[in-house]
Enquirer: 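Sharing a structure below in structure tokens format, with a few things to ask.
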Amino acid sequence: MPTPTACLFNQLLPSSLAPGLPAPAVFYGTQLIVADGKDFNGAASYQIIADVLDMESVSKQGKSGLLLNDSVRKNFDALKASDK
């Protein structure tokens, strides 16, 4: 069971409750990862977040996502191709 402090960092915080905090901003615990006007100008990519989690040795999920499922991936690729 996570500690109450850990749970606090996994919740959304309205910008009105954090005066002076640039929005958008993404944190991992107390570490500011990206913020408007700062690193990456507030745009967090999957790779940025994955790199931070990897450096922190956060365990990965045991089960892969649906996009790695062959039947779902085939339908997803067909949908993307039809959008071009």
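The figures that follow rest on heavy atoms only: side chains count, while hydrogens, waters and symmetry mates do not.
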Enquirer: Indicate the atoms forming the closest heavy-atom contact of Pro24 with Gly42, along with that distance.
Expert: CG-O, 3.6 Å
Enquirer: Distance from Ile33 atom CD1 to Phe40 atom CZ, nearest 0.5 Å?
Expert: 10.0 Å
Enquirer: For Ser71, give me all partners under side chain to side chain donor-acceptor pair (under 3.5 Å), at least two apart in sequence or on another chain.
Expert: Asn69
Enquirer: What's the spacing between Phe27 CZ and Leu32 CG if we round to 0.5 Å?
Expert: 4.5 Å
Enquirer: List the atom of Val34, the atom of Ala44, and the distance in Å for their closest heavy-atom pair.
Expert: CG2-CB, 3.7 Å
Enquirer: Would you mind writing out the side-chain donor-acceptor pairs for residues 46-58 within the sub-3.5 Å range, not counting sequence neighbours?
Expert:
residue : atom : partner : partner atom : Å
Gln47   : NE2  : Asp51   : OD1          : 2.7

Enquirer: Sequence neighbours left out, what pairs pass salt bridge (charged side-chain N to carboxylate O under 4.0 Å, His left out) with at least one residue falling in residues 62-75?
Expert: Arg73-Asp77
Enquirer: I'd like to check the side chain to side chain donor-acceptor pair (under 3.5 Å) partners of Asp36; sequence neighbours left out, ordered by chain and number.
Expert: none
Enquirer: With a cut-off of 6.0 Å (strictly less than), are more than 12 heavy atoms of other residues, nucleotides or ligands near CG of Leu68?
Expert: yes
